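Below: one structure, written as structure tokens.
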Amino acid sequence: MFQYILKRLLSTLPVLLGISLLLFFMLRMLPGDPAQVLAGQMASQEDIKNIRQQLGLDKPIFVQYGIFLSRLAKLDLGRSARTQNPVIKEVWARLPNTMLLAVAAITLACLFGIPAGIISAVRPYTWIDYLFTSMALFGISMPVFWLGLMLVVIFSIILQWLPAGGTGSWKHIVLPSFTLAAFVVAFITRITRASMIETLSQDYTTTARSKGLKERVVIIKHALKNALIPIITVVGLQFGLLLGGAVLTETVFAWPGLGRLIVDSILARDYPVIQGTILIFGLLYILVNLVVDLLYAYIDPRIRYA
Amino acid sequence: MRQDSLLSILNLRTRFRIYEGVVTAVDGVSLDVFRGETLGVVGESGCGKSVTALSILRLLASPPAEIQGEILFDGKNLLSMSLDEIRQIRGNSISMIFQEPMTSLNPVLTIGEQISEAIKLHQGVTRQEAWSKAVEMLRIVQIPSPDIRAREYPHKLSGGMRQRAMIAMALSCHPRLLLADEPTTALDVTIQAQIVELMERLKEEIRTSIVLITHNLGLIAEMAKRVVVMYMGKVVEEALVEDLFLEPLHPYTHGLLESIPWIGRKMKTGRKQLQEIPGMVPSLLEIPEGCRFHPRCSRLIDICRKEEPPLVQKDGRRVLCWLWK
Ligand SMILES: Nc1ncnc2c1ncn2[C@@H]1O[C@H](COP(=O)(O)OP(=O)(O)OP(=O)(O)O)[C@@H](O)[C@H]1O
Ligand code: SF4
Ligand SMILES: [Mg+2]
């Protein structure tokens, strides 16, 4: 088990390397010169040249990548071009906010999506099934920023129940997590419905009923437990989507997380921070998938890792 | 219904409303299961054997299933019971064994859990007591090291062992009626023999009646006393096993017997080619007019094409055929 985890973690290194390579070169294809942005409109050629030297941007791009990698090997993500703070510090300061938002959103989405999917599967093609299906569709078809803005208009401006942005109390997280949850709940509802319909029609479900078990026990203990594998797979995948969605949501709600850090850094052409944050996103995503795979073994006794 | 009848099915009609139309999978079946006896039910694939069994415990999803008629168990109609009442009976006084030991056990629950949950439910004992009873059942069905096996998941067991576990589960509450739907079909021949032996022995011990569903006439000969032959949702013949084998009345039964190799028959009737029943079972959506067997029958007479045959009683046997009118 421990060996398996170690193996999995080591095997993520090439993936992260791939991400960094793509990212590194793509960033540098963006229009705009970081030195120019940093120096401001009024800077002289001389100033810009100095800044470029300071950032190491005067060297050939492959050399730059080499330097980046050798630092990365020492777990050094460099310093922000904008604030001069170590990137790791910038990321570390915002990571908890993003995690909080993501976890709150995925929890909300599961709390709605899994029961809705189960009810839909137990009563397929009834009004309640259609109701949940259309609610889920509604959630997925609305752009995240638009839904965010609408929620702000209704709950912050008109009703004045909840703050429009920022952090501080539990009230601050309601609207952003709701917005983000709406984005992923559809997938969770659909997969729960589909896999429950499947497991409810299996022979072992009939066996369970033939024992005289209550329908609730048949559904939860016998059918749902078997349906969990596809459900948690999707939840894990959605986590990646959530991180993407966080970029928009955090911007709309002025939520000081990694998503906003990326946006701000892109605007400032702050290469080290962009690189560092996206690498952390990649790592998070990989870790979540590892957790999902470990959960498989916990849920399904047929799956064992050596 | 006779005095000693434990289960009495009267004019059971089970229909499925599907996209293409209405399928009448069981069409007016009547039969009795007496106390302590094993009743065999035979017929080709799709003739409605499983649907009959599932109808008894009301295990068919409805919709699409629609069940009519009467199923008297101990004099009480199972079809008019509330869901709670029928749940009291399921797994308790009537239990069921299914064909596929590979798929009918839940892969994510331990064997012991799956057996003990029924015991706990119906006998009102604690978890621990139910568990030790489950282990005891595993011992009774001769699973080696039952206390270890109880903690294992179904995938660790072979097909034969799983079917033993299914039998342990079905018999754990000492049912008065066991519905065994092709209990040995999915198993190797040697394992089949072991399972048959086991069922025979347990039947004596627990004194349960059995409805043995199969298309294996050899199994019927071995285990059942009486046999019901079904064709396209109808009972076409009913007789004591030895009568049926010696002198099948219905042309379909005749065909069934001709289509299987018989050890010993050679001596009585001389070497004979195995005969297949010609033609295929028609779709339940296009039931032939008159006798539904007539497109495949070699002995049909004029009336067979036009009118449904009556159920003829003859020497305590029943046969659905014009020939015996
Ligand atoms: N849920 C269902 N919906 C629609 N039709 C069904 C359903 N279940 C069974 N049937 C139909 O009812 C008929 C009888 O099926 P049944 O399973 O009882 O056959 P069987 O005699 O048990 O056959 P086998 O020997 O293959 O098990 C078949 O034609 C089948 O297609
Ligand atoms: S009624 Fe006619 S067609 Fe049907 S089985 Fe008898 S002889 Fe054959
Ligand atoms: Mg069947």
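Owing to the predicted nature of the structure, the values given are computational and were not obtained by experimental measurement.
- Listed by chain and residue number, A:F239, A:L242 satisfy the side-chain contact (heavy atoms from CB on, under 4.5 Å) test with A:A102 (two or more places apart in sequence, or in another chain).
- Interface summary for chain A: among B:L121, B:I97, B:L83, the most heavy-atom pairs under 4.5 angstrom belong to B:L121.
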Any idea which donor-acceptor pairs are under 3.5 Å between chain B and chain A?
from: B:G91; atom 1: N; to: A:S210; atom 2: O; distance (Å): 3.0
from: B:T103; atom 1: O; to: A:Y204; atom 2: N; distance (Å): 3.2
from: B:T103; atom 1: OG1; to: A:D203; atom 2: OD2; distance (Å): 2.6
from: B:S104; atom 1: O; to: A:T207; atom 2: OG1; distance (Å): 2.7
from: B:N106; atom 1: OD1; to: A:N226; atom 2: ND2; distance (Å): 2.7
from: B:N106; atom 1: ND2; to: A:H222; atom 2: O; distance (Å): 3.2
from: B:N106; atom 1: ND2; to: A:H222; atom 2: ND1; distance (Å): 3.0
from: B:V108; atom 1: O; to: A:K225; atom 2: NZ; distance (Å): 3.3
from: B:E113; atom 1: OE2; to: A:K221; atom 2: NZ; distance (Å): 2.4
from: B:Q114; atom 1: O; to: A:K211; atom 2: NZ; distance (Å): 2.7
from: B:E117; atom 1: OE1; to: A:K221; atom 2: NZ; distance (Å): 2.7
from: B:E117; atom 1: OE1; to: A:H222; atom 2: NE2; distance (Å): 3.2
from: B:E117; atom 1: OE2; to: A:K211; atom 2: NZ; distance (Å): 2.7
from: B:E117; atom 1: OE2; to: A:H222; atom 2: NE2; distance (Å): 2.7
from: B:H122; atom 1: NE2; to: A:K211; atom 2: O; distance (Å): 2.7

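- Options A:L228, A:L213, A:V217 differ in how many heavy-atom pairs under 4.5 Å they form with chain B, and the most are formed by A:L213.
- Contact of B:L105 with chain A is made through the backbone alone, with heavy-atom distances under 4.5 Å.
- In this structure, the portion of A:I299 lying under 4.5 Å from any heavy atom of chain B is its backbone and not its side chain.
- Residues passing the salt bridge (Lys or Arg N to Asp or Glu O under 4.0 Å) test with B:E205, sequence neighbours excluded: B:R201.
- Only the side chain of B:M166 comes within contact range of chain A, with heavy atoms under 4.5 Å apart.
- For B:T126, the side-chain contact (heavy atoms from CB on, under 4.5 Å) partners two or more places apart in sequence, or in a different chain, are B:Q128, B:E129.
- Of all the heavy atoms in B:P107 and A:P301, the pair that sits closest is O-CG, 3.3 Å.
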